[in-house]
Amino acid sequence: MSANIDSWQNLREELKNSLQFKLGAVTKTVFKKMNAELVNEGIPVLAEQLPILMVVYFQEQARTQQDIANILQKDKAGIQRSVQTLHKDGFLKIEGDLEDKRKNLISLTPSGKFVCERIQSLAIAFNSQIMEHFTEQEWATFLGYLDRVVKIVDK
């Protein structure tokens, strides 16, 4: 019985320290802190919606929901829900594609552009708050490890 308990505890520790759980914990903590910052600044957007806004912001022309999903490597249904919410909140404009009636083109409203510019400042400040606890070399090494993990997983 004791061997089973030890085995269970070892497995539990191994899972707790696994890449998936550690990255999940970091993501949850970062998003929670970023959401608090957004609320504090009076920006009614969730951190989870920021990538969609930023993809649209940095594109020179309107994008389809599928384009956004592909760029972010997310499923189209999830992107569609967020796009609808951001549209309802006045940050995104949805227009039918003149060439393909089945597609919608997504672009920023003036309000969306303003919010994106404010969010950039917040994101840079947030990143700086984290980076101040690392040397430049440690930060570069950390980012290098993350890039390496992406390459390994994408093989």
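Values reported hereafter were calculated over all heavy atoms of this structure, with side chains retained and with hydrogens, waters and symmetry mates removed.
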Salt bridge (Lys or Arg N to Asp or Glu O under 4.0 Å) partners for Lys74, two or more places apart: none
Which residues share a salt bridge (Lys or Arg N to Asp or Glu O under 4.0 Å) with Arg102, sequence neighbours left out: Asp100
OH/Tyr145 to CD1/Ile152 distance, rounded to the nearest 0.5 angstrom? 11.5 Å
Begin from the C-alpha positions of Ile119 and Leu38 and carry the test side-chain contact (heavy atoms from CB on, under 4.5 Å) through to its verdict. CA-CA 8 Å; Ile119 287 169; Leu38 291 166; 4.1 Å; yes
Test of understanding: with salt bridge (Lys or Arg N to Asp or Glu O under 4.0 Å), list the residues that count as partners of Lys151, not counting sequence neighbours. none
Got a sec, which residues hit ring pair (Phe, Tyr, Trp, His ring centres under 6.0 Å) with Phe21, two or more places apart in sequence or on another chain? none
With sequence neighbours left out, write down each residue that passes side-chain contact (heavy atoms from CB on, under 4.5 Å) with Leu105, or none if nothing qualifies. Ala62, Thr64, Asp97
Could you note down all residue pairs passing salt bridge (charged side-chain N to carboxylate O under 4.0 Å, His left out) where residues 110-126 supplies at least one of them, sequence neighbours left out? Glu41-Arg118
Strictly by salt bridge (charged side-chain N to carboxylate O under 4.0 Å, His left out), give each pair with a member in residues 122-140 just once, sequence neighbours left out. none
Would you please test Ile71 and Gln59 for side-chain contact (heavy atoms from CB on, under 4.5 Å) and show each step? CA-CA 11 Å; Ile71 291 167; Gln59 299 303 312; 4.3 Å; yes
Interatomic spacing from CG in Asn127 to CG in Leu122 - rounded to 0.5 Å: 12.5 Å
Sequence-distant partners of Thr109, side chain to side chain donor-acceptor pair (under 3.5 Å), two or more places apart: none
Calculate, to the nearest 0.5 Å, the distance between atoms CD1 and CD belonging to Ile124 and Gln129 respectively. 12.5 Å
Are side-chain heavy atoms of Gln120 and Met54 found at a separation under 4.5 Å? yes
Return all side-chain donor-acceptor pairs below 3.5 angstrom for residues 76-96, not counting sequence neighbours, or 'none' if the list is empty.
unit_1, atom_1, unit_2, atom_2, d
Thr85, OG1, Arg81, O, 3.1
His87, ND1, Leu92, O, 3.0

With sequence neighbours excluded, what pairs up with Asn70 under the side chain to side chain donor-acceptor pair (under 3.5 Å) test? Gln66
What distance do Thr27 atom OG1 and Phe31 atom CZ have between them, rounded to the nearest 0.5 Å? 6.0 Å
Taking all atoms of both residues into account, what is the closest heavy-atom pair of Gly42 and Pro44, and its distance? O-CD, 3.4 Å
Under the salt bridge (charged side-chain N to carboxylate O under 4.0 Å, His left out) definition, can you give me all pairs with a residue in residues 45-71, not counting sequence neighbours? Arg63-Asp67
Can you sort out the partners of Phe142 under ring pair (Phe, Tyr, Trp, His ring centres under 6.0 Å), two or more places apart, ordered by chain and number? Trp139
With a 3.5 Å distance limit and no angle check, can you tell me whether Gln49 reaches the backbone of Leu46 through a side-chain donor-acceptor pair? yes
